[in-house]
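First comes the structure, then the notes that go with it.
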Amino acid sequence: MIKRQLGRSGLSIAPIVFGGNVFGWTADKSTSFALMDAFVAHGFDCIDTADVYARWVPGHTGGESETIIGEWLTARQSRDKVVIATKCGMAAGADGKFLSRASIIAAVEASLKRLQTDYIDLYQAHKDDADTPLEETLEAFASLVKAGKVRALGASNYKADRLAQALKISAANNWPRYETLQPEYNLAERGVFEGELQQLCVAESIGVITFYSLASGFLTGKYRSLDDVAGRARAGGVKKYLDARGFRILQALDEVAGRERSTPARVALAWLLAQPAVAAPIVSATSVAQLEDILGAASLKLSASDLDVLDSACG
């Protein structure tokens, strides 16, 4: 399997990232262990999480996903086999700020403890914090790299102007820069990333790791009516796609999947892997069978005509 570079960090990963948001939510501990076991057994190596996963579950406070990953790393003795990516900055620190130096330092120590490791491969700002100077945020992240607690840095949910500003500040101070970006990006949601942000990532060799890569499961093709999403955990994220444009995209996915003897999910991910700057899409699964279907996207190369069919459906 050909690995893809994460910016200029020196880190490379297999072209699909497992999204750990399901751990402690729709996947319990034993299921989570089975999913990570299968993911690694198939040659994949990057697991993404965050310190706030899965605080939306009643009774949870955040950190549950990291805790499960840490227990798996220890049980399997597999720390050197995987690239662990986590995030901070979605929850405010004790000072009420999200990416202040104090909040970052406290967050990384808590994540390291839960992950049962002494370093994080990719540490990401979960969202921009307009109330904290970028200089303070970036200096704090740089100190973590210098201390050996973090190998590379990334950003999530940054707009083009703020990402460009962050890159300039890091260069001016000779600090490690954001090497990756996590934007929402998929066949059904293209406006957030395409354009100025994508152009910046291409120009600066930023590795893009997409989230909501399957549009909350819509692009798998299993949700085609309101009845299909009734009672589902991701129903709220899917309903907005159940319109004429969404059905047109599903029809295109079905067409290409039939031609390639594949599945809509694999085709949707293969489309992402063909886009400029994209290093790997993040995907989640709640069963090994579901995961194994998704992972087949890494070996699917779409033709130019396939890509045209998919692009035309999004208009």
Side-chain angles (χ1 to χ4, degrees), residues 2-20 40 44-51 53 65-66 69-70 73 78-90 99 101 103-105 107-112 114-129 134-158 162-183 197 200-211 277-282:
I2 298 175
K3 294 193 174 184
R4 296 191 173 202
Q5 298 294 317
L6 293 182
R8 301 168 184 164
S9 68
L11 296 177
S12 60
I13 61 170
I16 292 179
V17 175
F18 194 101
V40 172
F44 296 85
D45 56 2
C46 185
I47 300 170
D48 178 80
T49 185
D51 59 359
Y53 298 166
S65 173
E66 288 183 333
I69 294 170
L73 288 172
S78 57
R79 183 64 187 92
D80 61 342
K81 298 182 179 67
V82 291
V83 173
I84 298 296
T86 191
K87 300 180 281 292
C88 70
M90 189 63 76
L99 290 176
R101 177 177 177 81
S103 66
I104 289 171
I105 299 303
V108 77
E109 294 299 338
S111 288
L112 287 167
R114 287 189 292 262
L115 289 165
Q116 299 186 37
T117 183
D118 56 4
Y119 69 96
I120 292 165
D121 296 291
L122 179 63
Y123 200 44
Q124 303 153 102
H126 206 155
K127 67 173 185 176
D128 192 10
D129 178 7
L134 278 168
E135 289 83 356
E136 179 180 348
T137 296
L138 296 167
E139 188 279 330
F141 280 137
S143 72
L144 298 180
V145 176
K146 184 176 181 180
K149 295 182 179 182
V150 170
R151 295 178 67 192
L153 303 171
S156 181
N157 296 299
Y158 270 56
R162 291 284 283 178
L163 179 59
Q165 187 180 354
L167 294 174
K168 288 179 181 177
I169 291 169
S170 294
N173 289 278
N174 198 30
W175 291 334
R177 67 170 197 161
Y178 289 143
E179 296 291 351
T180 63
L181 176 71
Q182 277 197 29
L197 191 54
L200 176 63
C201 290
V202 170
E204 294 290 340
S205 299
I206 302 294
V208 174
I209 303 170
T210 63
F211 70 81
V278 173
I282 298 172

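What's counted below: heavy atoms across the whole structure, side chains too, no hydrogens, waters or symmetry copies. All residue numbers in this chain count up from 1 along the given sequence. Everything numeric here is computed off the predicted structure, so don't read it as measured data.
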Which heavy atom in [X] sits nearest to a heavy atom in [Y], and how many Å separate them?
X	Y	result
L197	Y158	CD2-O, 3.7 Å
S156	K87	CB-CD, 4.4 Å
Y178	T137	OH-CG2, 3.8 Å
E139	R101	OE1-NH1, 3.0 Å
G89	L99	CA-CD2, 3.7 Å
A85	Q124	CB-NE2, 3.6 Å

Can you tell me how far [atom2] of [Y] sits from [atom1] of [X], rounded to the nearest 0.5 angstrom?
X	Y	atom1	atom2	value
T180	L11	OG1	CG	9.0 Å
R114	T49	CZ	OG1	9.0 Å
I105	S143	CD1	OG	4.0 Å
C46	K3	SG	NZ	10.0 Å
D51	H126	CG	NE2	8.0 Å
K168	L134	NZ	CG	12.0 Å

Candidate pair R177 and I206, rule side-chain contact (heavy atoms from CB on, under 4.5 Å), full reasoning: CA-CA 10 Å; R177 67 170 197 161; I206 302 294; 3.8 Å; yes
R162/D129 ion pair, N-O < 4.0 Å: no
Do the non-hydrogen side-chain atoms of [X] and [Y] ever get within less than 4.5 Å of each other?
X	Y	answer
V150	F141	no
V108	C88	no
L144	I120	no
L163	L200	yes
Q182	D48	yes
V40	S78	no
T86	Y123	yes
L6	I13	yes

Please check this pair: side chain of [X] against backbone of [Y], looking for a donor-acceptor N/O pair closer than 3.5 Å.
X	Y	value
R79	Y119	yes
E179	L153	no
D45	A14	yes

side-chain contact (heavy atoms from CB on, under 4.5 Å) assessment of I84 paired with L122: CA-CA 6 Å; I84 298 296; L122 179 63; over 6 Å; no
Test side chain to side chain contact (heavy atoms under 4.5 Å, CB included) applied to L138 and L167, I169, N173, the passing residue: I169
